[in-house]
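Keep in mind the model is a prediction, meaning the values are calculated, not measured.
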Amino acid sequence: ERGVYLVGLDEEVTMEMIYSKINPIRHIEMINVPRFSKPDAKKGNTKGYAFVYFKNKAHAEDVIRALDHKSILCNNIRVLPIDNSFSTKTNLFIKGLNKSCTVKMLESYIKQTLAKFAGEKDR
């Protein structure tokens with residue numbers, strides 16, 4: 001509840017860039033920027049997302065209001081709350097969604113896809 005998920009980061013973004021954009025709004029307690037490490041991947045580049053944690057939920061909400069749909073480096077990003085009410089094994093993070101994509105559109109697509117797989121499993 002006290003963290004945010006940054007989506008749509010440029011692959012060249014650094015932890016320092018994120019810190020300089022967010023820390024003036026609210027003090028950051030921790031940043032996690034997953035990066036590619038495999039030799040065949042874009043070694044060292046970000047995977048396009050990051051997790052940032054604050055002292056409390058109110059601080060996270062301040063950052064969401066201030067930075068959602070704003071730019072870090074070249075990309076406009078989404079800043080979303082991290083929902084800790086579920087196990088991380090049930091959260092699904094999707095990179096590269098079009099800005100016009102809505103929650104209802106995603107829900108519909110996921111339901112159709114699950115129904116398709118359930119039908120194939122029954123064969």
Side-chain angles (χ1 to χ4, degrees):
E1 290 184 348
R2 62 185 185 87
V4 297
Y5 176 60
L6 307 179
V7 186
L9 293 172
D10 185 277
E11 63 185 22
E12 301 291 325
V13 80
T14 65
M15 199 175 299
E16 291 78 19
M17 290 174 186
I18 295 170
Y19 184 86
S20 69
K21 191 80 168 185
I22 294 176
N23 206 57
I25 300 166
R26 288 295 183 180
H27 175 73
I28 295 171
E29 293 205 341
M30 185 182 84
I31 300 176
N32 179 3
V33 183
R35 297 187 174 281
F36 289 106
S37 59
K38 296 180 181 176
D40 58 334
K42 300 174 184 177
K43 188 175 176 100
N45 290 349
T46 71
K47 294 183 177 182
Y49 61 92
F51 302 94
V52 183
Y53 294 90
F54 305 93
K55 184 176 181 177
N56 58 49
K57 183 178 179 179
H59 289 187
E61 290 169 348
D62 290 344
V63 170
I64 291 168
R65 279 190 296 278
L67 293 180
D68 193 29
H69 295 288
K70 299 294 191 293
S71 178
I72 293 183
L73 201 53
C74 297
N75 291 1
N76 281 340
I77 63 165
R78 292 297 321 266
V79 183
L80 306 168
I82 295 174
D83 184 358
N84 291 329
S85 64
F86 296 101
S87 162
T88 57
K89 293 180 182 175
T90 62
N91 292 332
L92 174 65
F93 298 106
I94 304 171
K95 179 182 173 186
L97 290 176
N98 187 303
K99 290 181 183 179
S100 65
C101 188
T102 65
V103 172
K104 285 186 180 189
M105 291 167 69
L106 279 174
E107 287 174 346
S108 174
Y109 177 77
I110 290 169
K111 285 178 185 175
Q112 290 173 11
T113 303
L114 290 175
K116 177 183 170 187
F117 284 118
E120 289 176 1
K121 184 179 175 185
D122 293 338
R123 292 182 197 168

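One hydrophobic cluster holds both Leu80 and Met30 under the rule that ILVMFWY side chains link at heavy-atom gaps under 4.5 Å. Transitive grouping of hydrophobic side chains (ILVMFWY, heavy atoms separated by less than 4.5 Å) keeps Ile110 and Met105 in distinct clusters.
With hydrogens and angles disregarded, no donor-acceptor distance shorter than 3.5 Å links the side chain of Thr46 to the backbone of Thr14. Between the side chain of Arg2 and the backbone N or O of Lys55 there is no donor-acceptor pair closer than 3.5 Å.
Interatomic distance, CG of Asn56 versus CD of Glu29, reported as 8.5 Å (0.5 Å rounding). From Leu9, atom CG reaches atom CZ of Arg78 across 13.0 Å, with rounding to the nearest 0.5 Å. Of the inter-residue distances, the one linking Asn76 atom CG with Asp68 atom CG reads 10.0 Å to the nearest 0.5 angstrom. To the nearest 0.5 Å, the span separating CD1 on Ile25 from NE2 on His59 amounts to 12.0 Å. With rounding to the nearest 0.5 Å, the separation of CD1 in Ile18 from CG in Asn32 is 9.5 Å. Distance CG/Asn23 to CD/Glu16: 12.5 Å, rounded to 0.5 Å.
Summarising the geometry of Val13 relative to Arg35, their closest heavy-atom pair is O-NH2, 3.2 Å, with the distance given to 0.1 Å. The nearest pair of heavy atoms linking Ser71 to Lys21 is O-NZ, 2.9 Å. Here the closest non-hydrogen pair linking Pro34 and Ala50 is CD-CA, 4.2 Å. Nearest approach of Gly3 to Tyr53, heavy atoms of both residues: CA-CD2, 3.7 Å. For Ala60 against Val4, the heavy-atom pair with the smallest separation is O-CG1, 3.7 Å. Closest approach of Gly8 and Ile77 over heavy atoms only: O-CG2, 3.8 Å.
Around NZ of Lys70, the count of heavy atoms belonging to other residues, nucleotides or ligands within 6.0 Å exceeds 12.
Checking each of Leu67, Ile82, Ile28 against Val52 for a side chain to side chain contact (heavy atoms under 4.5 Å, CB included) leaves exactly one that passes, namely Ile28.
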### Message
Assess the residue pair Leu6 and Ile22 against the criterion (side-chain contact (heavy atoms from CB on, under 4.5 Å)); give the C-alpha distance rounded to whole Å, side-chain angles, the decisive distance to 0.1 Å, and a yes or no.
### Response
CA-CA 11 Å; Leu6 307 179; Ile22 294 176; 4.1 Å; yes

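Contact check for Lys111 versus Leu114: no side-chain heavy atoms found under the 4.5 Å cut-off.
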